[in-house]
Each structure stands twice: as structure tokens, then as C-alpha cells.
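Down below is the structure, laid out as C-alpha cells.
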Amino acid sequence: MGHAEYARPGKPDILCAAISALTIGTINSLETLAGERVVVTAEEDTGYLRCDFENDLQEKSSFLMDSMVFTLENLSREYGEKYLQVKFEEV
């Protein structure tokens with residue numbers, strides 16, 4: 001949710017682009033490679049992205065999600081929590 005705002009105004013935001021590529025790529029992989037049925041809500045202006053699963057995750061889907069979280073946590077450590085916070089919410 002939200003934009004990273006890592007770059008100076010008027011410059012491309014490499015962190016925001018990396019996060020977008022990772023999250024959208026993971027969602028596409030979940031649908032295409034793992035066969036998951038998902039409902040995606042996205043708002044480009046605000047940077048909001050939500051992905052709801054219609055069923056329990058398969059093992060390979062859990063692996064894809066773990067990989068995404070691992071990479072997001074690494075990006076947060078590399079660029080700082082000022083720009084990226086990884087939070088977990090049990091639902």
C-alpha cells in the first residue's frame with residue numbers, strides 16, 4: 001500500500017518499480033503457474049495492491065508467497081524501513 005517515495009522528485013523510483021514487479025509477477029505466477037484463483041484489487045494512484053485467494057494455498061503457491069516475502073524483507077533491510085515496511089496481518 002502506498003508508493004515507496006525512495007527517488008528524488010522527478011526521478012524514477014527504482015524501489016517502487018522493484019516492489020511492483022515482484023508483487024505483480026508473483027500474482028501472475030500464482031494464477032498461471034500454480035493455477036490459483038485470486039481476486040486482485042489495485043489502485044495505481046495510491047500504490048494499493050491486494051490479492052485474495054479463493055481457496056487454501058497449494059504447496060507451490062506457499063513457496064511463491066514465501067519467496068516474495070523473503071525478497072520484500074530483503075528490500076526493506078537494504079533500502080530501509082522508511083521506504084518499505086513488511087507487515088503481517090492474520091485474517
Side-chain angles (χ1 to χ4, degrees):
M1 168 188 240
H3 292 286
E5 297 180 6
Y6 177 76
R8 293 186 189 128
K11 300 289 183 182
D13 192 333
I14 60 169
L15 181 57
C16 198
I19 294 165
S20 294
L22 175 64
T23 54
I24 292 167
T26 300
I27 290 170
N28 290 340
S29 294
L30 287 163
E31 290 180 302
T32 304
L33 301 176
E36 293 291 347
R37 295 183 58 142
V38 298
V39 177
V40 177
T41 306
E43 296 173 10
E44 190 174 326
D45 292 342
T46 63
Y48 179 82
L49 178 65
R50 179 182 175 122
C51 178
D52 293 303
F53 299 90
E54 291 187 1
N55 301 305
D56 291 338
L57 290 180
Q58 302 172 55
E59 186 176 335
K60 59 184 166 183
S61 300
S62 291
F63 180 79
L64 287 168
M65 292 297 295
D66 289 344
S67 177
M68 181 189 72
V69 169
F70 176 78
T71 304
L72 288 170
E73 289 175 333
N74 283 333
L75 287 170
S76 180
R77 281 191 292 277
E78 178 76 22
Y79 290 93
E81 288 190 6
K82 175 181 177 183
Y83 302 106
L84 171 62
Q85 301 91 41
V86 180
K87 298 178 184 179
F88 295 93
E89 182 179 321
E90 190 170 327
V91 292

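Just so you know, residue 1 is the first one in the sequence shown, and it goes up from there.
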Is there a path of hydrophobic side-chain contacts, each under 4.5 Å between heavy atoms of I/L/V/M/F/W/Y residues, joining [Y] to [X]?
X	Y	value
V69	L15	yes
F88	F70	no
L22	V86	yes

query: Given Q58 and S61, is the side chain to side chain contact (heavy atoms under 4.5 Å, CB included) satisfied, shown in steps?
result: CA-CA 5 Å; Q58 302 172 55; S61 300; 4.0 Å; yes
Rounded distance [0.5 Å steps], [atom1] in [X] versus [atom2] in [Y]:
X	Y	atom1	atom2	value
L75	Y83	CG	OH	14.0 Å
L84	E78	CG	CD	11.5 Å
L72	K87	CG	NZ	14.0 Å
M68	E73	CE	CD	10.0 Å
R37	D52	CZ	CG	13.5 Å

Counting distance only, does the side-chain N/O of [X] pair as donor-acceptor with the main-chain N or O of [Y] below 3.5 Å?
X	Y	answer
S67	F63	no
T32	N28	yes
E36	I27	no
T23	S20	yes

field: Atom CG of D66: over 12 foreign heavy atoms under 6.0 Å
entry: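 Result for CG/D66: enclosed.
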query: Name the one of E54, E31, R50 that satisfies side chain to side chain contact (heavy atoms under 4.5 Å, CB included) with V38?
result: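 The side chain to side chain contact (heavy atoms under 4.5 Å, CB included) with V38 is passed solely by E31 among E54, E31, R50.
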For Y6 against D13, the heavy-atom pair lying closest together: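 Heavy atoms of Y6 and D13 come nearest at N-OD2, 2.9 Å.
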query: At their closest point, which heavy atom of L33 faces which heavy atom of K60, and how far apart are they?
result: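 Closest pair (atom of L33, atom of K60, distance): O-NZ, 3.6 Å.
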- request: May I ask you to check whether E81 and S76 show a side-chain donor-acceptor distance below 3.5 Å?
  value: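 Side chains of E81 and S76: no pair found under 3.5 Å.
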task: Answer yes or no: is there a side-chain heavy-atom contact under 4.5 Å between L49 and E43?
output: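 Result no, sub-4.5 Å side-chain heavy-atom pair not found.
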